[in-house]
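All of these numbers come straight from a predicted model, not from anything done at the bench. Order of listing sets the numbers, starting from 1, for every ligand and every atom in it. In this chain, residues are counted from 1 in sequence order.
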Amino acid sequence: MRILVVSTPLGALGSGCGGGVELTATTLVAGLLERGHAVTVLAAGGSVLPPACAAATLWTCTGQSQPSAQHQERSAPITMLADGLLPRFWRRVLLEGPAAGFELVLNLAYDWLPFWLTPTAPLPIFHLVSMGSVGDAMDGVIADVARWDQRRLAFHSAVQAADFNLPQPPVVLGNGFDLAAYGFCAEPEPLLGWAGRVAPEKGLEDAAAAAAQLGLPLAVWGLVEDRAYAAAVEASVPAGTLQWRGFLPTDQLQEQLGRCRALLNTPKWNEAYGNVVVEALACGVPVVAYRRGGPGELVQPGLTGLLVEPDDVGGLVAAVAQVGAIDRRACRQWAQANASREVLAERVEAWVLAGLGL
Ligand code: HBI
C-alpha cells in the first residue's frame, strides 16, 4: 500500500524532542518498508531518517512546535498556533494527500486536529495513540473517533487504552525495535541505569533516591526537557550519584545501557508503553519498574525483571538486590519474541487492513 505517516509536531525526528514517538516512527516506517509498502513520512523541517528508512519519501514543513500535551492543565483549551507545525502538517495532508494516491494516513501525533478531521477527511486516517489520558480535549476527541469507527484507533498497551472511553476492546500493538541495533551484554558493571525524557512525569527522583540508598551510581540517558526538575533531582542525592549521559543515538545508548546491572523505570503517569524498558531488555538488562502503566504490563516478574508497588523507593532498593537472579539472555529473548520491528509492522498492517475492511 501507499502509506503516509504523519509525525509529532513536537520537533524534528532525530532531535529527541518528540520522545518515544520518534523511535516508534522510524521503526514503524522501516518495518512497513520491509513488508513492501511505499511509505512517505511527513515531519518537521530538519528531520533526519535513519538508513533503514532510506527508501521512504520525506515531506517536511517548517513551523512552530506544538506545546507538549502532557504539560498542560487537564482542562486546557485546544492550542492551535497559526504558524504551527500541526496545522501546516494537516493542511498538506488534505491538499496533497489525495493526489499522491495514499491508501491511508497513519497519524502518530497526540493532538486534537487529526482526530477531529478523521470522520470527514478525504483519506482514511488511522491513529496510533501515543499516551494515556493527559487532558479533557484529547479524551473527548478520541472518544468521538472511537464512537464513529474505533477500528481507526490503536494503542501501545491495554493499560493505556483503559484510560479512554472505548465502545469495543482496543487494538493493542505494543511497540517495535530494530533489535539488530542493540548488542547483548552478559557481564554488567556495578551500575544502574535510567532512561527517558528528564521531566516530572518520568519520576527520576525515585530512581536517584534508590541508587543513593544502594550506594550505586545511576547513569541517566535522555533529553533534559525540564532543567529545573533535573537540578532538583541532582540536589536530592549525594554528589556523584547521578551520571548525566545526555540524549544519545541508539548505537551509543545501547553500548552504554548494556553495561547496567538493571534499568530502573519509575513512571509517575500512566506511561503508554515504555520504550526504554524494551531497549534495556534488548541489551540483556533486567528492568525494575513500578507496577504502573505500560512498563507494569511489559515486565514479566522473575523472567525479565521485577515489579514494585508504585512510588515505593524501598521496594526499588529491595528489587535491585534480587535482580542478579534474572537470566540476562531471557531478557533479550523476550524482546525478540514480543517487540521486534517485524512484529510491530505485522501488527500495524493487520490493524489498518481490518480498518479498511480489506
Ligand atoms: N504532545 N501535543 C503533543 N503532541 C504529541 O505528538 C506529543 C506530545 N507529547 C509527548 C509526545 N507526543 C511523545 O513524546 C510521545 O511519544 C509520548
Side-chain angles (χ1 to χ4, degrees), residues 5-29 41-44 47 61 63-74 76-81 84-90 93 105-117 125-142 153-157 159-161 163-164 173-177 195-203 221-226 247 265 267-279 292-295 298 339 344:
V5 175
V6 184
S7 180
T8 174
L10 246 58
L13 288 175
S15 70
C17 299
V21 75
E22 289 190 35
L23 202 54
T24 303
T26 52
T27 304
L28 177 53
V29 168
V41 181
L42 173 52
S47 288
C61 292
Q64 269 206 67
S65 290
Q66 189 72 10
S68 61
Q70 73 272 28
H71 297 137
Q72 313 298 314
E73 291 302 314
R74 281 205 61 86
I78 294 151
T79 303
M80 201 62 64
L81 304 168
L85 282 168
L86 182 66
R88 290 181 179 177
F89 279 177
W90 289 93
V93 174
V105 181
L106 181 43
N107 170 53
L108 300 179
Y110 195 93
D111 290 284
W112 181 86
L113 182 60
F115 289 83
W116 182 75
L117 289 170
I125 303 175
F126 287 76
H127 305 275
L128 175 46
V129 180
S130 65
M131 291 192 279
S133 167
V134 297
D136 302 340
M138 285 303 289
D139 288 5
V141 78
I142 288 170
L153 301 177
F155 301 86
H156 285 296
S157 68
V159 66
Q160 171 208 3
D163 270 4
F164 301 101
L173 301 180
N175 211 341
F177 302 79
R197 282 179 300 104
V198 179
E201 68 269 17
K202 298 285 188 176
W221 293 279
L223 181 77
V224 177
E225 192 175 80
D226 182 329
F247 173 77
N265 191 266
K268 294 293 180 180
W269 66 335
N270 187 14
E271 181 79 47
Y273 183 76
N275 288 341
V276 297
V277 166
V278 175
E279 292 187 289
R292 177 182 274 155
L298 286 174
L344 177 63

### Query
Can you tell which part of Glu22 has a heavy atom less than 4.0 Å from ligand 1: side chain, backbone, both or neither?
neither
## Note on the structure
Note: Val21, heavy atoms under 4.0 Å from ligand 1, region reported as both
### Query
Ser68 to ligand 1: N or O pair under 3.5 Å?
no
#### Entry: Where ligand 1 meets Pro9 - atom numbers and elements under 4.0 angstrom, heavy-atom basis
6 (O)
#### Entry: Carboxylate-amine/guanidinium contact Lys202 Glu225, below 4.0 Å
no
### Query
What atoms of ligand 1 come closer than 4.0 angstrom to any heavy atom of Asp111?
2 (N), 3 (C), 4 (N), 5 (C), 6 (O)
### Query
salt bridge (charged side-chain N to carboxylate O under 4.0 Å, His left out) between Arg74 and Asp139: does it pass, once the steps are laid out?
CA-CA 10 Å; Arg74 281 205 61 86; Asp139 288 5; 2.8 Å; yes
### Message
Are there over 12 heavy-atom neighbours, none belonging to Trp269, within less than 6.0 Å of that residue's CH2?
### Response
yes
### Query
If you measure every N/O of Gly18 against every N/O of ligand 1, is any gap under 3.5 Å?
yes
### Task
Measure the shortest side-chain to side-chain distance between Ser7 and Ser47 over non-hydrogen atoms and say whether it is less than 4.5 angstrom.
no
#### Entry: N/O separation below 3.5 Å, Ala69 to ligand 1
yes
### Query
Given side chains that start at C-beta, do those of Val129 and Phe164 come closer than 4.5 Å, heavy atoms only?
yes
### Query
Distance-only, no hydrogens or angles: does the Asn107 side chain make a donor-acceptor pair with backbone N or O of Ala109 under 3.5 Å?
yes
#### Entry: Leu10 contact mode with ligand 1 (heavy-atom cut-off under 4.0 Å)
side chain
### Task
Over 60° means perpendicular and under 30° means parallel, so classify the ring planes of Tyr273 and Phe177, tilted if in between.
parallel
### Full working for side-chain contact (heavy atoms from CB on, under 4.5 Å) between Val198 and Leu223
CA-CA 6 Å; Val198 179; Leu223 181 77; over 6 Å; no
### Task
Report yes if Thr8 has an N/O atom closer than 3.5 Å to an N/O atom of ligand 1; otherwise report no.
yes
### Minimum non-hydrogen distance to atom 17 (C) of ligand 1, winning option of Glu271, Met131, His156, Gln70
Met131
### Atom indices of ligand 1, in the order listed, that fall short of 4.0 Å to a heavy atom of Gln66
2 (N)
### Task
Specify the protein heavy atom at minimum distance from atom 15 (C) of ligand 1: its residue, its atom name, and the distance to 0.1 Å.
Ser130 OG, 3.7 Å
### Query
Which word best sums up how the rings of His127 and Phe115 line up, parallel for under 30°, tilted for 30 to 60°, or perpendicular for over 60°?
parallel
### Query
Is there a heavy atom of Ala272 sitting under 4.0 angstrom from any atom of ligand 1?
no
